[in-house]
Amino acid sequence: MKIKYFDHAATTKLNEDVLKEMLPYLTEEYGNPSSIYSLGRSNKKAIEDAREKVAKVFNADAKEIYFTGSGSESDNTAIKGVAYANRKKGNHIITTKIEHPAVLDTCKSLEKDGFEVTYLNVDSEGLVDLEELKNAITDKTILITIMFANNEIGTIQPIEEIGKIAKQHKIYFHTDAVQAVGNIDIDVNKLNIDLLSLSAHKFYGPKGVGALYVRKTVRFNKFIDGGHQERNKRAGTENVAGIVGLSKAIEMAYEKLDENNRHLKELRDLYISEIEEKIPYVKLNGHREKRLPGNANISFKFIEGESLLLNLDIKGICASSGSACTSGSLDPSHVLLAIGLIHEVAHGSLRVTFGIENTKEDVIELITELEEIVNRLREMSPLYEDFVDGTYTM
Amino acid sequence: MKIKYFDHAATTKLNEDVLKEMLPYLTEEYGNPSSIYSLGRSNKKAIEDAREKVAKVFNADAKEIYFTGSGSESDNTAIKGVAYANRKKGNHIITTKIEHPAVLDTCKSLEKDGFEVTYLNVDSEGLVDLEELKNAITDKTILITIMFANNEIGTIQPIEEIGKIAKQHKIYFHTDAVQAVGNIDIDVNKLNIDLLSLSAHKFYGPKGVGALYVRKTVRFNKFIDGGHQERNKRAGTENVAGIVGLSKAIEMAYEKLDENNRHLKELRDLYISEIEEKIPYVKLNGHREKRLPGNANISFKFIEGESLLLNLDIKGICASSGSACTSGSLDPSHVLLAIGLIHEVAHGSLRVTFGIENTKEDVIELITELEEIVNRLREMSPLYEDFVDGTYTM
Amino acid sequence: MYSKKVMDHYEHPRNVGQIVGADGVGKVGNPVCGDIMKIYLKIKDNVIVDVKFKTFGCGAAIATSSISTELVKGKTIEEALDITNKRVVDELDGLPPAKMHCSVLAEEAIKAAIADYYTKKGMSKEDIDKVCSLKNTVCVHSHDIGQE
Amino acid sequence: MYSKKVMDHYEHPRNVGQIVGADGVGKVGNPVCGDIMKIYLKIKDNVIVDVKFKTFGCGAAIATSSISTELVKGKTIEEALDITNKRVVDELDGLPPAKMHCSVLAEEAIKAAIADYYTKKGMSKEDIDKVCSLKNTVCVHSHDIGQE
Ligand SMILES: Cc1ncc(COP(=O)(O)O)c(C=O)c1O
Ligand SMILES: Cc1ncc(COP(=O)(O)O)c(C=O)c1O
């Protein structure tokens, strides 16, 4: 069965050209970048060239790019690194309620160690309130960490305004841009971003490699102690193939950014409008315009997300849900609850994230399958029965 | 020019069969292991199968294996993880002066945060003194971390005895086995090892992936905060291809352990005896018998290691040195100083580490080249001139 | 993740629907938790002659409901009351630890339907509780315990 | 890491050796640091007519010694004293930050040899210091500053 993949926010397929660039570093170019002989030096050079490529995308300097083992490691490094290096200045951090666990749980860890964290609310479309942000700032605030775009509902935050506020108050500004990179044009200087996390596998690069941009002026601690790699900021023999792959993937993503965005938005808008037209009792989650080009998150009322996913899987369709059953916790997605969804509507959410290889035909097929599955699941839903009977409303 | 590679302690060439096992996960099997559809489940299964394979090698349970991004991350996770989770029991850690920076610097970080660390001495052959270890134990000691085999001089520690002492005193025992894994048979139960770090690229696996064995009974904290991957102990989308590669590489290494060891020892012993016979004023560093099968570390007096390496590089020969000039610090290798070498002898050390693809002919060629280069460098060495003149001894 | 048997049941759930004029209806679970099961029983001479279900929930919830209806169909009430959540799990060739609560829910749904039947028959609440040993299912998944 | 020029000089160092009965010999550096340079000068009518060196040290130490001997050969003493470490670096098309100290060592070695020549001529220590401005080279690499 041919797989129809609509879960590009979870991960993407490694681009063939990217793999081609990686392969020498998985075969003949096997030296350790720290070695001084030519087999080592060529690997070192590959890493430095990769750093240049990544820096260029963000209008940054190569010395401001650090490679890591994942987006999560980048988030941990950024937040813990700034927190512990600037503890003398203050112990207060501001973030939001809808961050990825790599940010949220890092903040919670810091709370256990004497830091204070403000978790900003978001409105029903997932946007932070800039006034609330300003009011949260104290003279102990050392870091604002707010994600660029949300991984579940796709909402894009007013990053430029947040950057301005951070700069005015001389507070470091970190953004988890794992979902934004490859989809949105990002100039760290124009946007006043001091630290930025990214993960290669979200933009057709390999899994297990990330990067962190850190402005030259930012003081931050080393997270993984040991050798002098990454200008003494991240120990461990470098994943050279992964780093080369990351840089090629990001370069390709930004070469075709506009073209790809146009394509993704077309698929997304087609999907949303068709679903809203064809299936009753649905709700679009996230902001209608300020959202990632490939993201469509819709709740199908009266049904539960996991069973929806399993039925799609039977048809070879890959998508994702904010249902508790797929989140590994007791509650449905903290993001969906933060935008004010009641639990049962959150349980019925379906996140569809399009990628460059998806076609209009794919989307139409998806819609057709969904109509049928949603109908069937509603037919077997006691909530829907009660709703039809008039004894239940949501 | 054909490269003659004698730096297998730095890194190894990815085995072709290992790459073959990895490739599906760099192409069609691109799902996120956390996804519930089949493309995700097959990736999850690949990781769990890999975990089984690794566990089997150490006579451990699959649930005791955690995948990480490097040997350094494994060391950081083990030491910081145990330290912070057991702080209430005590704040004292015992290690040695000859650990890899991934252990040493982690211990130094912990010292800044209120932990106390004892750095055990080693004798002139690099062995720890078990009595000194016993005497160092206090009722605040929560962790002993001693490397299995040293990366520079190859000395293998009396791990079983250390394990016994740790067990008697109910102290967790971590060993950095990055250099040992793939070269030495390791049964974590027989040796009473509670935590063990390894790194795939040291045994013909890929760079950027490591693993950590942690006995079920050990309490340790999560190091990278975020998602629920690795049974909620290490956040971040898994490097599936890397993990699959690691498991295949370790399996292959242990299938042929005896055969490989016989080969490596033959090359090593040939090299050491020929050098000692043909080149005067040399010194073998590390223990003559209790050493890694492929490791030969010899100081060539009156000359400096980096220039030796560069001259070898010109001939396409890859090796390594404990000279300050290659260590990225002011001093020559802390390991060579710890075994009592004077600085200038430490500067002149050459580490040659053989691998399975090396042949006897390679070794003879290496010796021939070395003779010539050492002679030439001595001819231009003012130290050698003074030594010949009788105005300098070392 | 799921066994073949579970997958078969959520792909082709048996006895989906409702019974108009059922002799007993049980509804357990909570929309907040993401699981609701409703079981309809037709009972004749102490025997369950027909059974239908509706479920809002995950794949395991659907599969446990479906298999439970198969298990009770044609059984006496006493036999049906003997069906434990363990039996449900075994019949499905196992469930992931995180999904064990679904089997509990299925057991409870059957019991709740039988209790409803007894209530309609005029049995006292205490007597019903004695026979059916109804627990109150709450939002407790067993994930985290099961995974560690 | 190293420029082509540096690699050429450590691969084919010029003027290696010693001069028996040299007019001036300079030796700087420290075996503890891993760098020692020794320069031999033959001086006639205030002109450096021959120069040889021996060096214990890394590739950059050898290359800076080698290029320095080329730079001073045939020059007057005054011209030789004008050669700065910067000049040495430029002639080698640059050095990595961590290796800058080698160029300083080379400058010092030349000056030390000239100072030795002056000493043999009977010049006072103060006058020599004035002319040669000898610093004491110490074990300070510039790695960490250079890399950050
Ligand atoms: C003994 C030892 N420990 C730890 C490490 C670190 O491994 P990695 O570079 O894969 O992080 C190494 C390798 O350099 C090593 O030899
Ligand atoms: C917004 C966001 N942050 C962080 C991450 C973590 O990235 P990784 O899984 O590569 O560590 C993800 C991806 O899951 C994400 O979507």
statement: Most contact-rich option vs chain A, by heavy-atom pairs under 4.5 angstrom, among Ala102(B), Ser70(B), Gly69(B), Cys318(B), is Cys318(B)

field: Ring center gap for Tyr66(A) and Phe223(A) short of 6.0 angstrom
entry: no

query: Is there a donor-acceptor contact under 3.5 Å linking the side chains of Glu99(B) and Thr145(B)?
result: no

- request: Could you check which of Ile3(B), Thr68(B), Thr11(B) has the highest count of heavy-atom pairs closer than 4.5 Å to chain A?
  value: Thr11(B)

- prompt: Just checking heavy atoms, which of residues 75-85 of chain B are less than 4.5 Å from chain A?
  reply: Asn76(B), Lys80(B)

- request: Indicate yes or no for a side-chain donor-acceptor contact from Asp313(A) to the backbone of Ser38(B) under 3.5 Å, with no hydrogens or angles considered.
  value: yes

message: Which heavy atom of Gln179(A) sits nearest to which heavy atom of Ala9(A), and what is that distance?
response: NE2-O, 3.0 Å

statement: Counting heavy-atom pairs under 4.5 Å with chain A, the top scorer among Cys107(B), Gly227(B), Gly245(B), Pro101(B) is Pro101(B)

query: Looking at Leu309(B) and Ser320(B), what are the two nearest heavy atoms and their distance?
result: CD2-N, 3.6 Å

message: With no hydrogens and no angle check, just 3.5 Å: does a side-chain donor-acceptor pair link Asp176(A) and Ser197(A)?
response: no

- line: Ranking Leu39(A), Val209(A), Asp105(A) by heavy-atom pairs under 4.5 Å to chain B gives rank one to Asp105(A)

message: Less than 4.0 angstrom from a charged side-chain N to a carboxylate O is my criterion; do Glu73(B) and Arg234(B) meet it?
response: yes

- request: Scan side-chain atoms only and decide if Ser323(B) and Glu304(B) contain a donor-acceptor pair under the 3.5 Å cut-off.
  value: yes

query: Between Glu238(A) and chain B, which part of the residue has a heavy atom less than 4.5 Å away: side chain, backbone, both or neither?
result: backbone

message: Under a 4.5 Å cutoff for heavy-atom pairs, which residue among Ile224(A), Ile317(A), Leu14(A) has the most contacts with chain B?
response: Ile224(A)

message: If you take the centroid of each ring, where Trp contributes its six-membered ring, are Tyr37(A) and Phe6(B) closer together than 6.0 Å?
response: no

- line: Sequence neighbours excluded, the answer for side-chain contact (heavy atoms from CB on, under 4.5 Å) partners of Asn91(A) is Phe115(A), Glu116(A), Lys140(A)

message: Would you say that His8(A) contacts Glu357(A) through its side chain, given a criterion of any heavy-atom pair below 4.5 Å between the two side chains?
response: yes

- line: Checked Gly236(B), Gly210(B), Pro206(B) vs chain A; the most non-hydrogen pairs under 4.5 Å come from Gly236(B)

message: With a 4.5 angstrom heavy-atom cut-off, is it the side chain or the backbone of Ser72(B) that approaches chain A, or both, or neither?
response: both

query: Taking atom NZ of Lys202(A) and atom OG1 of Thr353(A), what is their separation to the nearest 0.5 Å?
result: 9.0 Å

task: Check whether Ser35(A) gets within reach of chain B through its side chain, its backbone, both or neither, counting any heavy atom under 4.5 Å.
output: side chain

- request: Indicate yes or no for a side-chain donor-acceptor contact from Arg41(A) to the backbone of Ser34(A) under 3.5 Å, with no hydrogens or angles considered.
  value: no

statement: Residue from Leu19(A), Ile243(A), Thr237(A) scoring the most non-hydrogen pairs under 4.5 Å with chain B is Thr237(A)

- prompt: Gly242(B), Gly31(B), Gly71(B), Gly316(B): which one forms the most heavy-atom pairs within less than 4.5 Å of chain A?
  reply: Gly31(B)

query: For the candidates Glu28(A), Glu16(A), Lys108(A), His100(A), which exhibits the highest count of non-hydrogen atom pairs separated by less than 4.5 Å from chain B?
result: Glu28(A)

- line: One option among Asn239(A), Val18(A), Asn15(A), Ile314(A) has the most heavy-atom pairs under 4.5 Å with chain B, and it is Asn239(A)

- prompt: Can you say whether Tyr25(A) sits under 4.5 Å from chain B via the side chain, the backbone, both, or neither, judging by heavy atoms?
  reply: neither

Portion of Ala10(A) that has a non-hydrogen atom of chain B nearer than 4.5 angstrom: both

Top of Gly40(B), Ala241(B), Ala319(B), Ser199(B) for chain A proximity - count of heavy-atom pairs under 4.5 angstrom: Ala319(B)

task: Let me know if Thr12(A) has heavy atoms under 4.5 Å from chain B in its side chain, its backbone, both or neither.
output: backbone

task: Mark yes when over 12 heavy atoms from residues, nucleotides or ligands other than Lys315(B) sit less than 6.0 Å from its NZ; otherwise mark no.
output: no

